[in-house]
Chemist: 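One structure coming up, written as structure tokens, with questions to follow.
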There are 2 protein chains.
Amino acid sequence: MEKDISTEQRIIDAARKVFIQKGMSGARMQDIADEAGINKALLHYYFRSKDKLFQIIFREAAEKLLVTVKDITGNETPLDEKITALCNRYMDVLSENPYLPLFVLHEIHQDPGRIINFFKGKNMVPQLQKFFLQIQDAVDNKQIKPISPPQLVINIISLCVFPFAASPLMQTLFDLDTWQFNLFIEERKKKLPEFILAALKPEKK
Amino acid sequence: MEKDISTEQRIIDAARKVFIQKGMSGARMQDIADEAGINKALLHYYFRSKDKLFQIIFREAAEKLLVTVKDITGNETPLDEKITALCNRYMDVLSENPYLPLFVLHEIHQDPGRIINFFKGKNMVPQLQKFFLQIQDAVDNKQIKPISPPQLVINIISLCVFPFAASPLMQTLFDLDTWQFNLFIEERKKKLPEFILAALKPEKK
DNA sequence: TAAAAGTTTAACTGTTTGGTTAATCTAAAA
DNA sequence: TTTTAGATTAACCAAACAGTTAAACTTTTA
């Protein structure tokens with residue numbers, strides 16, 4: 001009794017595409033059915049409701065965005081290496097999923113309850129606390145300039161994520177086609193860690 | 001024959017609130033009517049369609065976000081002062097309109113045509129080019145470390161805007177109430193310019 | 001092969017939604 | 001006061017929408 005995974009997967013793929021492009025409220029079940037090349041009733045056969053289907057896509061997206069951060073900040077490397085690794089890995093993830101940040105941020109804004117629910121059992125918070133401590137240690141030992149750990153974390157995330165969230169605006173404002181935008185991102189991957197580390201470099205005595 | 005501006009304004013205020021909270025596709029004309037305390041037909045009496053009403057709100061929001069940047073980058077102050085002024089003014093605007101960035105970015109993503117249309121006649125691009133030249137001059141004169149002007153501009157905007165776009169996520173992740181979030185922003189206003197200027201400080205010979 | 005179980009579809013349903021209409025209300029103009 | 005023009009509303013409409021149903025089709029099983 002082999003389950004036909006193909007249809008289910010086609011639906012997931014179609015739903016991901018449509019939801020991430022149009023958001024929960026802008027997406028139509030018919031759009032998803034068309035994209036998957038199936039009858040609309042099949043959506044309800046496999047995933048009972050629009051909301052159930054949406055939750056699967058949202059969780060998958062949130063997972064992809066947040067777990068990467070958790071993984072890298074969690075291990076035991078020195079702070080400067082960790083910052084470099086975080087920028088590199090994170091921007092790679094975002095390059096392959098450029099529309100994820102705006103989608104996730106918009107849907108969290110619509111219903112913050114989603115993300116609260118998501119965090120339960122993911123132990124993001126303790127992992128983050130450890131990273132905060134590592135930053136505070138570096139400040140106390142004068143390895144970096146004084147900075148509040150949450151501010152630094154937000155600085156790093158901002159610099160990585162924002163260009164993707166703002167990509168349609170950027171492409172218009174700077175008059176870039178997709179190819180040029182990718183060049184911009186590639187240059188950014190190289191230069192961002194040193195920008196951040198330069199900002200943190202302590203004064204020489 | 002005095003025109004009753006009050007109803008029209010009440011509709012605009014209600015529309016702004018609802019559209020910015022729920023987005024174009026999530027907003028309901030009935031919600032806006034309820035928020036304004038009037039009959040739904042009045043919306044169509046004053047502003048023919050949902051789309052017309054939305055465009056007014058969207059343009060107003062885009063104006064508020066973009067013109068501030070244009071004004072500050074446009075004048076003739078030195079680069080370091082300009083960066084400081086940009087952070088300060090921009091974060092003030094955002095503090096008073098914290099949900100504008102996510103709204104505008106989401107709606108541009110839905111329909112990039114909107115922003116292309118918006119730019120016409122606003123001469124954002126030439127103003128931006130002048131700012132790029134100023135940055136390039138500072139690089140050439142070794143006043144700041146080498147950096148591509150668009151990268152620097154995106155760095156500044158990212159660091160200012162992202163915390164607001166991500167505020168519901170931040171508040172959950174860092175477990176902040178509104179008051180604590182505001183404290184975070186106030187601290188950020190003080191420290192952000194020096195963070196950026198430190199990153200740009202050239203090596204001493 | 002027969003029947004049972006799982007998959008897929010066309011057609012349908014009830015509700016929500018943007019938008020319209022015709023009637024009523026209000027206030028200024030004559 | 002009567003008329004007239006704009007402001008406001010309740011009731012309505014057609015299209016869009018998420019979700020259902022019953023029948024047909026396909027595959028597995030006995």
Side-chain angles (χ1 to χ4, degrees), chain A residues 1-61 103 106-107 109-111 113-114 117, chain B residues 1-61 103 106-107 109-111 113-114 117:
Chain A
M1 194 188 286
E2 171 82 6
K3 201 178 177 186
D4 183 4
I5 205 80
S6 158
T7 300
E8 197 170 321
Q9 193 57 47
R10 286 231 306 283
I11 294 176
I12 295 271
D13 292 343
R16 180 169 38 237
K17 185 173 173 182
V18 173
F19 275 132
I20 287 178
Q21 188 163 98
K22 309 202 171 185
M24 166 67 173
S25 65
R28 303 285 158 246
M29 292 299 266
Q30 189 62 58
D31 296 341
I32 298 173
D34 292 348
E35 180 70 34
I38 53 150
N39 187 285
K40 181 167 68 90
L42 256 192
L43 300 181
H44 293 92
Y45 178 77
Y46 281 95
F47 309 89
R48 301 217 323 235
S49 67
K50 185 185 182 183
D51 203 71
K52 289 274 201 306
L53 185 53
F54 175 80
Q55 276 194 35
I56 291 169
I57 302 302
F58 177 80
R59 281 165 181 274
E60 180 193 273
F103 168 70
H106 179 255
E107 298 301 340
H109 180 246
Q110 295 307 303
D111 178 5
R114 286 195 220 286
N117 242 317
Chain B
M1 194 183 291
E2 170 81 7
K3 200 179 178 186
D4 183 5
I5 204 80
S6 157
T7 300
E8 198 170 320
Q9 194 56 48
R10 286 233 306 283
I11 294 176
I12 294 271
D13 292 343
R16 181 168 38 237
K17 184 172 173 183
V18 173
F19 276 132
I20 287 179
Q21 188 165 99
K22 308 203 172 183
M24 166 67 172
S25 66
R28 302 286 158 245
M29 292 298 266
Q30 189 61 59
D31 295 343
I32 298 173
D34 292 348
E35 181 70 34
I38 53 149
N39 187 284
K40 180 166 69 90
L42 256 193
L43 300 180
H44 293 94
Y45 179 78
Y46 282 95
F47 309 89
R48 301 220 320 239
S49 66
K50 184 184 182 184
D51 204 71
K52 288 274 199 306
L53 186 53
F54 175 80
Q55 276 194 34
I56 291 168
I57 302 303
F58 176 79
R59 280 165 182 276
E60 181 194 272
F103 168 70
H106 179 254
E107 297 302 340
H109 180 246
Q110 296 306 302
D111 178 4
R114 286 195 220 284
N117 242 316

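Quick note on labels: first sequence line is chain A, next is B, and so on, each numbered from 1. Bear in mind the structure is a predicted one, so any value in this text is a computation, not a measurement.
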Chemist: Can you name the residues that form a side chain to side chain donor-acceptor pair (under 3.5 Å) with B/R114, not counting sequence neighbours?
Modeler: none

Chemist: CE/A/M29 to NE2/A/H44 distance, rounded to the nearest 0.5 angstrom?
Modeler: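 Taking CE in A/M29 and NE2 in A/H44, the distance rounds to 4.0 Å.
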
Chemist: Using whole Å, report how far CG of B/L43 lies from P of C/dG18.
Modeler: 10 Å

Chemist: Which residue pairs pass the salt bridge (Lys or Arg N to Asp or Glu O under 4.0 Å) test with at least one member in residues 37-60 of chain A, sequence neighbours excluded?
Modeler: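 As it turns out, the salt bridge (Lys or Arg N to Asp or Glu O under 4.0 Å) pairs with a partner in residues 37-60 of chain A, which skip direct neighbours, are A/R16-A/E60.
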
Chemist: In residues 16-34 of chain B, which residues come under 4.0 Å of DNA chain D by heavy atom?
Modeler: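 The stretch gives none, as no residue of it lies under 4.0 Å from the strand.
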
Chemist: Rounded to whole angstroms, how far apart are NZ on B/K50 and P on D/dA16?
Modeler: 14 Å

Chemist: Can you tell which of C/dG18, C/dT9, D/dA18 lies closest to the side chain of A/L42?
Modeler: C/dT9

Chemist: What distance separates A/I57 CD1 from A/D13 CG, expressed to the nearest 0.5 Å?
Modeler: 8.0 Å

Chemist: Can you pull every protein N or O that's under 3.5 Å from an N or O on nucleotides 11-15 of chain C?
Modeler:
none

Chemist: In this structure, how many angstroms lie between the P atom of C/dG19 and the CG atom of B/D51, rounded?
Modeler: 8 Å

Chemist: Return the nearest nucleotide to the side chain of B/T7; candidates are C/dG19, D/dT8, D/dG19.
Modeler: D/dT8

Chemist: Verify, without hydrogens or angle tests, whether B/Q21 (side chain) and A/Q110 (backbone) share a donor-acceptor contact under 3.5 angstrom.
Modeler: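 No.
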
Chemist: When the distance from OH of B/Y46 to P of C/dG19 is rounded to whole Å, what number comes out?
Modeler: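 To the nearest whole Å, that distance equals 18 Å.
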
Chemist: Measuring from A/R10:CZ to A/L42:CG, what's the distance to the nearest 0.5 Å?
Modeler: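 Between A/R10 CZ and A/L42 CG, I get 9.5 Å after rounding to 0.5 Å.
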
Chemist: Please produce a list of atom pairs where a protein N or O lies less than 3.5 Å from an N or O of nucleotides 22-26 of chain D.
Modeler:
none

Chemist: Angle between ring planes, A/F54 versus A/F103, binned at 30° and 60°: parallel, tilted or perpendicular?
Modeler: perpendicular

Chemist: Nearest 0.5 Å, what's the CZ-CG distance between B/F58 and B/L53?
Modeler: 14.0 Å

Chemist: Would you say B/D34 and B/Q30 make side-chain contact, with heavy atoms under 4.5 Å?
Modeler: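 Yes. Closest side-chain heavy atoms under 4.5 Å.
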
Chemist: Starting the side chain at C-beta, find the nucleotide from D/dA18, D/dT8, C/dT9 nearest to A/H44.
Modeler: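 In terms of side-chain proximity for A/H44, the closest of D/dA18, D/dT8, C/dT9 is D/dA18.
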
Chemist: Give the rounded distance in Å between these two atoms: CD1 of A/I11 and C1' of C/dT8.
Modeler: 11 Å

Chemist: Each nucleotide N or O in nucleotides 22-25 of chain C that has a protein N or O under 3.5 Å away: list the pair and distance.
Modeler:
none

Chemist: What's the separation between atom OG1 in A/T7 and atom OH in A/Y46, rounded to the nearest 0.5 Å?
Modeler: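 A/T7 OG1 to A/Y46 OH: 4.5 Å, rounded to 0.5 Å.
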
Chemist: Do the side-chain N or O atoms of A/Y45 get closer than 4.0 angstrom to the phosphate oxygens (OP1, OP2) of D/dT20?
Modeler: no

Chemist: Under a 4.5 Å cut-off applied to non-hydrogen side-chain atoms, are B/N39 and B/Y45 in contact?
Modeler: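 Answer no - side chains too far apart.
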
Chemist: Give the rounded distance in Å between these two atoms: CD of A/E8 and P of C/dG6.
Modeler: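 To the nearest whole Å, that distance equals 14 Å.
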
Chemist: Say you draw a straight line from CG of A/L43 to CD1 of A/I11; how long is it, rounded to the nearest 0.5 Å?
Modeler: 5.0 Å

Chemist: Give me the atom names and distance for the closest heavy-atom approach of A/S25 to B/S25.
Modeler: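 Of all heavy-atom pairs spanning A/S25 and B/S25, the closest is OG-OG, 2.8 Å.
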
